[in-house]
Undergrad: 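Pasting in a structure now, in structure tokens, and then I'll have a few things to ask.
In each ligand, atom 1 is the first atom listed, and ligand 1 is the first ligand listed.
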Amino acid sequence: MSYTLNNKLKNLVPYSPIEGQYEIRLDANESFITPSDELISKIKEAIGKVEFNRYPDPYAKKVCRLFSEFYGLDANFVTAGNGSDELISIIITSFLTSEDKLLVLEPDFSMYKFYAQLCSVCVVDIIKDDNFLISADDIIKTIVREKPRCIIFSNPCNPASTGITAKDVKRIIASTDSLVIVDEAYMDFWDESVLGEINNFDNLIVLKTCSKALGFASIRLGFAVAQSKITKAIRAAKSPYNVNSLTQTVGEVVFSEPSKLSDNIEKIIDSRDYLYKNFLSLSSKYSELEQVIKPNTNFIFVKCKNPLVIFEALKEKGIIIRCMPPYLRITAGSDFENNELIKEISKILENKIE
Ligand SMILES: *Cc1c(COP(=O)(O)O)cnc(C)c1O
């Protein structure tokens, strides 16, 4: 006799982030900006006051309030999660059943399908065009035809860095009574948020995270924003103490200096633009680089003839990026990191790949 895993677990492909030590990490869309010494001191001081023998605040009220102030929201509409990833997991596994369909756009963040598979939800996908765009009309038509219980997409999107305008997202939400989850993990880099629409739609959830623009991937802190009926349900479905006290404490410090956060976002956008411009000029010089997608996030997406060759050659030099054949996804880094990357990739292209 031996134990048999069920089929959904047997076929589950785990998300495999790149591990190991690399001098330059441009693979995970993190911020390249590290907290100032002053911020680090504040964090240490705050952590000194944590009651380590006590459970955390189950609703992370203080950090939710500070997050809400930063984005101009009603804190009653906010639930904190152990990263927005946890919130995606909670929402998909509790708002959908195995009879329901989940509509996703393709390509998009792989975890949406992953959690759908875990709860045996049927996934319907709409394929984006060659420029990774998709019209609101196509999405609305598919919703009418497939009647999904829920639609989820990242905006602007990971991995292509393209986006759907707020006007179009609003049209999609207004067209349906299905749940619409807009993952705005990268919206701090673009100006088409629907966070301000929360009061107008009772079928909308917007997801946010501290991992990207805010530069705190280490603490695992994300937020779901929705009207009361949905927020109550998310809070009921989550585990009681899902955000630990250390994370809540650091998060409170992070949101206590909103102007610093906005300055950092500007710096990251400048870095992204620098990388984009340099890749455009490389692509005009070398036919190896076939297409550089116009970015709306903190990373660029580049179509190549031999992406794996470039990926491996950069890795040899201690530079790690993401390879998603036929594309490379490269996170905007510090000036030093960007220039090293551009220098090394220029050498690789110059030495000719074929
Ligand atoms: C990185 C990312 C997340 C995950 O955010 P966490 O808060 O770190 O879990 C969610 N959605 C998208 C589209 C992402 O790229």
Undergrad: Apply salt bridge (Lys or Arg N to Asp or Glu O under 4.0 Å) to Lys147 and list each qualifying residue two or more places apart in sequence or on a separate chain.
TA: none
Undergrad: To the nearest 0.1 Å, how far is atom 15 (O) of ligand 1 from its closest protein heavy atom, and which atom is that?
TA: Tyr186 OH, 2.6 Å
Undergrad: Considering only the protein, which heavy-atom contact is closest to atom 1 (C) of ligand 1, and what is its distance?
TA: Lys212 NZ, 1.3 Å
Undergrad: Can Lys238 and Glu86 be counted as an ion pair, charged N to O under 4.0 angstrom?
TA: no
Undergrad: Show, in sequence, the C-alpha distance, side-chain angles and deciding distance for Asn203 and Thr176, and conclude whether the side chain to side chain donor-acceptor pair (under 3.5 Å) test is met.
TA: CA-CA 8 Å; Asn203 59 333; Thr176 178; 5.3 Å; no
Undergrad: Side chain, backbone, both or neither: which part of Asn158 comes within less than 4.0 Å of ligand 1 when only heavy atoms are counted?
TA: side chain
Undergrad: With sequence neighbours excluded, what pairs up with Glu146 under the salt bridge (Lys or Arg N to Asp or Glu O under 4.0 Å) test?
TA: Lys101
Undergrad: Between ligand 1 and Asn29, is the shortest N or O to N or O distance under 3.5 Å?
TA: no
Undergrad: Should Arg171 and Asp168 count as an ion pair when the cut-off is N to O under 4.0 Å?
TA: yes
Undergrad: Give yes if a backbone or side-chain nitrogen or oxygen of Arg220 is under 3.5 Å from a nitrogen or oxygen of ligand 1, and no if not.
TA: yes
Undergrad: Any idea which protein heavy atom is nearest atom 5 (O) of ligand 1, and the distance to it?
TA: Ser84 OG, 3.0 Å
Undergrad: For atom 11 (N) of ligand 1, grab the closest protein heavy atom and report residue, atom and distance to one decimal in Å.
TA: Asp183 OD2, 2.5 Å
